[in-house]
Asks: 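Please read through the structure below; I'll follow up with questions.
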Amino acid sequence: MTNLVQFPGLGLSFELSRVAFSIGDIDIYWYGICIAFGLCLALVFAFRRCTEFGIDADSMVDVILIGVVLGIASARLYYVAMAPYNYDTIWDVLAVRDGGLAIYGGIIGAFVFGGLACKWRGVPVLPMFDLAGMGFLIGQGCGRWGNFFNQEAFGCNTTLPWGMFSEATEEYLMGSTVTVPKGVTIDPTMPVHPTFLYESIWCFVGLALLVAYIKKRKFNGDIALRYLVWYGAGRFWIESLRTDSLLLVPSLGLRASQLVAAAAVVGGVALEIFLTRKYKSKPLMVTLALTAENRSLLAKVRKAEPEFTVEREELVASSPRKLFLERTNAYNERVKQQLKEKLAEKN
């Protein structure tokens with residue numbers, strides 16, 4: 001499980017093991033640690049910024065749990081469906097620890113099931129998608145380093161200084177599952193593109209751009225659309241370098257993931273232009289989030305008085321984070337007092 005990974009043009013070499021440590025007979029892989037680390041960072045980011053999107057942190061927990069679990073399941077199923085080789089048993093399909101998660105499957109699953117969870121928990125869907133887009137960039141940027149430890153998801157040969165070589169890359173390129181455009185020749189003994197690194201850098205640059213845009217967003221879902229466009233554009237280019245993708249049109253080198261990426265870019269750009277024009281003269285207003293406690297109190301009041309509502313407050317999206325925190329806390333304190341008084345009247 002140990003690989004000597006070399007970057008000949010840079011004069012660098014690393015002795016890497018897929019296994020980080022073991023607990024008894026159970027091996028803990030770097031692949032899983034990288035994904036878990038990215039997930040944790042994404043959660044920290046979401047909890048820190050959720051108030052600015054009108055989302056209550058407690059209510060968001062259920063949405064994230066559902067989105068993450070079913071997103072990972074979708075990522076695995078998508079990978080298995082698109083893999084250029086067969087799985088012999090159901091256990092091979094479920095062996096996520098051996099690597100093999102397709103980010104587009106994860107994105108689709110997380111958005112679909114996370115959106116349904118938003119409806120269930122009363123979390124605003126589009127603002128949650130905005131947070132999720134930035135969270136995906138964090139998770140994917142970190143998770144790609146798991147591919148480095150596994151020595152997978154690399155590209156074709158390159159003469160660039162940062163070209164990578166290992167016994168694992170040589171062994172894979174000598175196999176029958178390599179997918180390259182017609183006419184492209186692969187030399188297993190030569191360095192390859194470290195596409196995991198390209199995608200990680202692309203994700204973190206995109207994250208920086210989207211974070212800088214938070215206060216400038218024009219409508220709910222704006223950041224989610226920009227995420228789809230940014231990630232799709234990068235993935236379309238990076239996917240063209242890889243040797244493990246399903247080729248749809250071998251003569252052109254067009255891959256299945258590139259088709260999905262192109263659709264994301266074209267659809268995202270079209271919607272971005274249309275919605276930006278639609279909301280051009282309207283500043284985005286964020287409805288302040290009710291806490292889970294207040295939502296519970298409100299449900300109790302409505303049992304006796306179904307038509308009862310609480311006044312909602314809004315704040316312009318470009319307001320400072322500190323103001324969002326102060327106004328949201330003050331708003332929920334007022335609502336809590338109002339609801340408790342209402343319940344006391346009923347009793």
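The structure presented is a predicted model; accordingly, all values stated were derived computationally and were not measured.
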Asks: Is the shortest side-chain heavy-atom distance between Tyr231 and Glu199 below 4.5 Å?
Replies: yes
Asks: Would the distance check show the side chain of Lys336 and the main-chain N or O of Asn294 forming a donor-acceptor pair, the cut-off being under 3.5 Å?
Replies: no
Asks: Decide, yes or no, whether a salt bridge links Glu305 with Lys342 under the criterion of side-chain N to carboxylate O below 4.0 Å.
Replies: yes
Asks: Checking side-chain hydrogen bond (donor to acceptor under 3.5 Å, both in side chains) for the pair Arg327/Tyr331: CA distance, chi angles, key distance, verdict?
Replies: CA-CA 6 Å; Arg327 289 280 297 274; Tyr331 167 66; over 6 Å; no
Asks: Taking all non-hydrogen atoms of both residues, which atom of Leu284 and which atom of Lys218 are closest, and how far apart?
Replies: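 For Leu284 versus Lys218, the nearest heavy atoms are CB-O, 3.8 Å.
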Asks: Kindly say whether Asp56 contributes a backbone atom to a donor-acceptor pair with the side chain of Ser59 at under 3.5 angstrom?
Replies: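 Here the side-chain-to-backbone pair does not exist.
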Asks: Test side chain to side chain contact (heavy atoms under 4.5 Å, CB included) on Phe129 and Asp222 and set out the steps.
Replies: CA-CA 9 Å; Phe129 283 0; Asp222 191 358; over 6 Å; no
Asks: Flag yes if more than 12 heavy atoms outside Arg48 fall under 6.0 Å of its CZ atom; otherwise flag no.
Replies: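 Count not over threshold, so no.
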Asks: Is the side chain of Asn147 donor-acceptor paired with the backbone N or O of Ala153 at a distance under 3.5 Å, no angle test?
Replies: no
Asks: Check Cys118 against Val63 and note the closest heavy-atom contact, atom names and distance.
Replies: SG-CG1, 3.7 Å
Asks: Minimum heavy-atom separation for Phe14 and Leu12, please, with both atom names.
Replies: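 Nearest pair, atom of Phe14 first, then Leu12: CE1-CB, 4.1 Å.
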Asks: Can any side-chain N or O of Lys215 pair as donor or acceptor with the backbone N or O of Tyr213 at less than 3.5 Å?
Replies: no
Asks: For the backbone of Ile273 and the side chain of Thr276, can you confirm whether one donor and one acceptor N or O come within less than 3.5 Å of each other?
Replies: no
Asks: Between the side chain of Ser17 and the main-chain N/O of Val19, is any donor-acceptor distance below 3.5 Å?
Replies: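 Present.
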Asks: Report yes or no: does Ser296 contribute a side-chain atom to a donor-acceptor pair with the main-chain N or O of Ala292 at less than 3.5 Å?
Replies: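 Answer holds: no.
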Asks: Do Trp230 and Tyr227 have ring centroids that are under 6.0 Å from one another?
Replies: no
Asks: Could you go through Glu52 and Val286, starting from their C-alpha distance and side-chain angles, then the distance that decides it, and tell me whether this counts as side chain to side chain contact (heavy atoms under 4.5 Å, CB included)?
Replies: CA-CA 8 Å; Glu52 298 168 71; Val286 176; over 6 Å; no
Asks: Assigning hydrophobic clusters by single linkage (Ile, Leu, Val, Met, Phe, Trp, Tyr; side-chain heavy-atom cutoff under 4.5 Å), is Phe165 placed with Leu197?
Replies: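 Phe165 does not cluster with Leu197.
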Asks: Could you go through Glu152 and Tyr31, starting from their C-alpha distance and side-chain angles, then the distance that decides it, and tell me whether this counts as side-chain hydrogen bond (donor to acceptor under 3.5 Å, both in side chains)?
Replies: CA-CA 11 Å; Glu152 61 188 6; Tyr31 182 81; 4.7 Å; no
Asks: Work out which heavy atom in Leu137 is nearest to a heavy atom in Gly206; give both atom names and the distance.
Replies: CD1-C, 3.7 Å
Asks: With a cut-off of 6.0 Å (strictly less than), are more than 12 heavy atoms of other residues, nucleotides or ligands near CD of Glu167?
Replies: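 Result for CD/Glu167: open.
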Asks: Does atom CZ (Phe37) have a neighbourhood of more than 12 heavy atoms from anything else shown, all under 6.0 Å?
Replies: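 No - once you tally the heavy atoms of other residues, nucleotides and ligands closer than 6.0 Å, there are 12 at most.
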Asks: Tell me whether Leu207 is reachable from Phe111 by hopping between hydrophobic residues (I, L, V, M, F, W, Y) whose side-chain heavy atoms are closer than 4.5 Å.
Replies: yes
Asks: Which of these, Phe149, Phe148, Phe21, sits in a ring pair (Phe, Tyr, Trp, His ring centres under 6.0 Å) with Trp30?
Replies: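 Option passing the ring pair (Phe, Tyr, Trp, His ring centres under 6.0 Å) with Trp30: Phe149.
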Asks: If you take all heavy atoms of Asp130 and Phe219, which pair is closest and at what distance?
Replies: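 So the minimum-distance heavy-atom pair works out to OD2-O, 4.4 Å.
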Asks: Between Val310 and Leu343, is there a shared hydrophobic cluster once you connect ILVMFWY residues whose side-chain heavy atoms come closer than 4.5 Å?
Replies: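 Val310 clusters together with Leu343.
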Asks: If you apply the rule side chain to side chain contact (heavy atoms under 4.5 Å, CB included), what do you find for Thr158 with Val192, and how did you get there?
Replies: CA-CA 5 Å; Thr158 180; Val192 296; 5.6 Å; no
Asks: Please confirm whether the backbone N or O of Gly141 pairs with a side-chain atom of Ser200, one donor and one acceptor, at under 3.5 Å?
Replies: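 Answer holds: yes.
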Asks: Counting only heavy atoms not in Tyr279, do more than 12 fall under 6.0 Å of its OH?
Replies: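 No - once you tally the heavy atoms of other residues, nucleotides and ligands closer than 6.0 Å, there are 12 at most.
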Asks: Can Thr169 and Tyr172 be said to form a side chain to side chain contact (heavy atoms under 4.5 Å, CB included), step by step?
Replies: CA-CA 5 Å; Thr169 63; Tyr172 176 80; 5.9 Å; no
Asks: More than 12 non-hydrogen atoms from neighbouring residues, nucleotides or ligands closer than 6.0 Å to CD on Glu311, yes or no?
Replies: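 Atom CD in Glu311 is not crowded, with 12 or fewer foreign heavy atoms closer than 6.0 Å.
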Asks: Taking C-beta and beyond as the side chain, do Met164 and Phe196 meet within less than 4.5 Å on heavy atoms?
Replies: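 Met164 vs Phe196: side chains touch.
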Asks: With side-chain hydrogen bond (donor to acceptor under 3.5 Å, both in side chains) as the criterion, how do Gln337 and Glu333 come out once you've worked through the C-alpha distance, each side chain's angles and the decisive distance to 0.1 Å?
Replies: CA-CA 6 Å; Gln337 185 63 32; Glu333 285 299 321; over 6 Å; no
Asks: Quick one: does Thr287's side chain get under 4.5 Å of Pro124's, heavy atoms only?
Replies: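 No; the side chains remain at least 4.5 Å from each other.
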Asks: Report yes or no: do Val211 and Met128 belong to one cluster of Ile/Leu/Val/Met/Phe/Trp/Tyr joined by side chain heavy-atom distances under 4.5 Å?
Replies: yes
Asks: Can you check whether Trp237 and Tyr198 have ring centres sitting under 6.0 Å from each other?
Replies: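 Aromatic pair counts; centres sit under 6.0 Å.
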Asks: Give a yes or no on this: more than 12 heavy atoms of other residues, nucleotides or ligands lie within 6.0 Å of atom CD of Glu326.
Replies: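 More than 12 heavy atoms, drawn from other residues, nucleotides or ligands, come within 6.0 Å of this atom.
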Asks: So, for Ile138 and Ala42, which heavy atoms are closest and what is the spacing to 0.1 Å?
Replies: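 Shortest heavy-atom contact: CG2-N, 3.7 Å.
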Asks: Test side-chain hydrogen bond (donor to acceptor under 3.5 Å, both in side chains) on Asp187 and Asn157; report intermediate values, then the result.
Replies: CA-CA 7 Å; Asp187 185 346; Asn157 295 136; over 6 Å; no
Asks: Between the side chain of Ser74 and the main-chain N/O of Leu70, is any donor-acceptor distance below 3.5 Å?
Replies: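 Looks like yes, one N/O pair under 3.5 Å.
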Asks: Should Val125 and Leu65 be counted in the same cluster of Ile, Leu, Val, Met, Phe, Trp and Tyr side chains packed under 4.5 Å apart?
Replies: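 Looking at the clustering, Leu65 is in the same group as Val125.
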Asks: Determine whether a donor-acceptor pair (N or O, by modelled atom type, separation under 3.5 Å) exists between the side chain of Arg121 and the backbone of Leu116.
Replies: no
Asks: Can the positive tip of Arg242 be found less than 6.0 Å from the middle of the six-membered ring of Phe154, inside 45° of the ring normal?
Replies: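 No cation-pi geometry.
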Asks: Taking the cut-offs as 6.0 angstrom to the six-membered ring centre and 45 degrees off its axis, would you call Arg217 and Phe53 a cation-pi pair?
Replies: yes
